[in-house]
Protein chains: 2
Amino acid sequence: MERTKSKNEELINLLGMKGSYEILKELEKGNKRFKDLKKVVTHSTLTKRLFELEKFNLIARKVDESRRPPVVEYILTEKGKEILEFFRKFRE
Amino acid sequence: MERTKSKNEELINLLGMKGSYEILKELEKGNKRFKDLKKVVTHSTLTKRLFELEKFNLIARKVDESRRPPVVEYILTEKGKEILEFFRKFRE
DNA sequence: CTGGATCCGGTGTGATACTG
DNA sequence: CAGTATCACACCGGATCCAG
């Protein structure tokens, strides 16, 4: 019964997890920093989701190392936009 | 932080839950009965998913009452097909 | 500010037993 | 055959504390 999940199925699981959709929607409005995204999801959940969303290339990290402390921005990728577009279709 | 989820978000959650994708893919091959679907997911999980998938009109139940015991078939709806189509796009 | 590590409680999952 | 009920367990999410 246990099967190895395809990349596709893992992506679906990720989208279903808490915070994923909220983060993507927020980034759609424009690039956001960690502290901004915390308004939308919990700290620990945010940490985990950001890591996974980046792994699937739905978001990208932009780090400015020249600043102290470094400034990190999260950006919605094209793939991320596509996914958001799709789910809009199923609104009623 | 806690918000009431939109129908759309609930649908995403459902798709991310265990068994949803497996059931839809299986029904894509043709109508299936409860016992057939058990090959794909656990008994208890199957019960829950079928109920929720039907609630969102991704699948439909067809019952033949004339038979003893009644024969129940599950069918993939148009909406269910659309969803499967989309996720195919994200294959690599 | 941007995380990581940990602990703890709630919830989905799985196995099993039971019913019509 | 097609479910329902129950219970134990694993895992996810939330809160808190720590670090660069």
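Predicted, not measured: the structure shown is a model, and the values here were computed from it. Every chain is numbered from 1, with letters handed out A, B, ... down the list of sequences.
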### Task
Give the rounded distance in Å between these two atoms: CZ of Phe51(A) and P of dA5(C).
11 Å
### Task
May I have the distance from Glu52(A) (atom CD) to dG13(D) (atom P), rounded to whole angstrom?
8 Å
#### Entry: Co-membership, hydrophobic cluster, residues Ile83(A) and Phe51(A), 4.5 Å side-chain
no
#### Entry: Those residues that, when tested against Glu78(B), pass salt bridge (Lys or Arg N to Asp or Glu O under 4.0 Å) (two or more places apart)
Lys81(B)
### Query
Do the side chain of Glu9(B) and the main chain of Ser6(B) share a donor and acceptor less than 3.5 angstrom apart?
yes
Polar atom pairs between nucleotides 3-7 of chain D and protein, under 3.5 Å, N or O only, would you list them?
{"residue": "dG3(D)", "atom": "OP1", "partner": "Arg61(B)", "partner atom": "NH1", "Å": "2.7"}
{"residue": "dG3(D)", "atom": "OP2", "partner": "Arg61(B)", "partner atom": "NH1", "Å": "3.3"}
{"residue": "dG3(D)", "atom": "OP2", "partner": "Tyr74(B)", "partner atom": "OH", "Å": "2.3"}
{"residue": "dG3(D)", "atom": "N7", "partner": "His43(B)", "partner atom": "NE2", "Å": "2.9"}
{"residue": "dT4(D)", "atom": "O4", "partner": "His43(B)", "partner atom": "NE2", "Å": "3.1"}

### Query
Given atom CD1 of Ile23(B) and atom P of dT13(C), what is their separation to the nearest angstrom?
11 Å
### Task
Decide yes or no on side chain to side chain contact (heavy atoms under 4.5 Å, CB included) for Lys32(B) and Lys39(B), but give the supporting numbers first.
CA-CA 11 Å; Lys32(B) 290 284 161 65; Lys39(B) 292 165 190 164; over 6 Å; no
#### Entry: For atom CD of Glu22(A) and atom C1' of dG14(D), their distance in whole Å
15 Å
Set out, line by line, the N/O atom pairs under 3.5 Å between protein and nucleotides 8-11 of chain C.
none

### Summary
By salt bridge (Lys or Arg N to Asp or Glu O under 4.0 Å), Glu52(A) pairs with (sequence neighbours left out) Arg49(A)
### Message
Check whether Thr77(B) reaches the backbone of Ala60(B) with its side chain - one donor and one acceptor, N or O, closer than 3.5 Å.
### Response
no
### Task
Using atom CD of Glu73(A) as one end and atom P of dT2(C) as the other, report the distance to the nearest whole Å.
10 Å
### Query
Between Gly16(A) and Pro70(A), who's closer to the 5' end of DNA chain D by nearest nucleotide?
Gly16(A)
### Message
If I take atom OG1 from residue Thr45(B) and atom NZ from residue Lys38(B), how far apart are they, to the nearest 0.5 angstrom?
### Response
12.5 Å
### Task
Hey, which sits more toward the 5' end of DNA chain C by its nearest nucleotide, Thr45(B) or Lys35(A)?
Lys35(A)
#### Entry: Linked, directly or transitively: Leu76(B) and Val71(B) (ILVMFWY side chains, under 4.5 Å)
no
### Task
Identify, with sequence neighbours excluded, every residue that meets side-chain contact (heavy atoms from CB on, under 4.5 Å) alongside Leu50(B).
Ile23(B), Phe34(B), Leu37(B), Leu46(B), Ile59(B), Tyr74(B)
### Message
Looking at dG14(D), I'd like to know if its phosphate oxygens (OP1 or OP2) sit under 4.0 Å from a side-chain N or O belonging to Lys18(A).
### Response
yes
### Message
When the axes are fitted on five pairs at both termini, how much does the helix from dC1(C)-dG20(D) to dG20(C)-dC1(D) curve, in 10° steps?
### Response
40°
### Query
Once you round it to whole Å, what is the distance between P of dT16(D) and CG of Leu46(A)?
17 Å
### Query
Can you tell which of dT2(C), dG14(D), dA2(D) lies closest to the side chain of Arg33(B)?
dA2(D)
#### Entry: Nucleotide dG3(C), atom P - distance to CD of Glu65(A) in whole Å
11 Å
### Task
Answer yes or no: does a side-chain N or O of Arg49(A) lie under 4.0 Å from OP1 or OP2 of dC12(D)?
no
### Euclidean distance, atom NZ of residue Lys32(B) to atom P of dC1(D) [Å, nearest integer]
15 Å
### Query
Which nucleotide in the set dA2(D), dG13(D), dT13(C) lies at the smallest distance from any side-chain heavy atom of Met17(B)?
dT13(C)
### Task
To the nearest 0.5 Å, tell me how far Leu11(B) CG sits from Leu15(A) CG.
11.0 Å
### Task
Verify, without hydrogens or angle tests, whether Asp64(B) (side chain) and Pro70(B) (backbone) share a donor-acceptor contact under 3.5 angstrom.
no
### Query
Do the side chain of Glu22(A) and the main chain of Gly19(A) share a donor and acceptor less than 3.5 angstrom apart?
yes
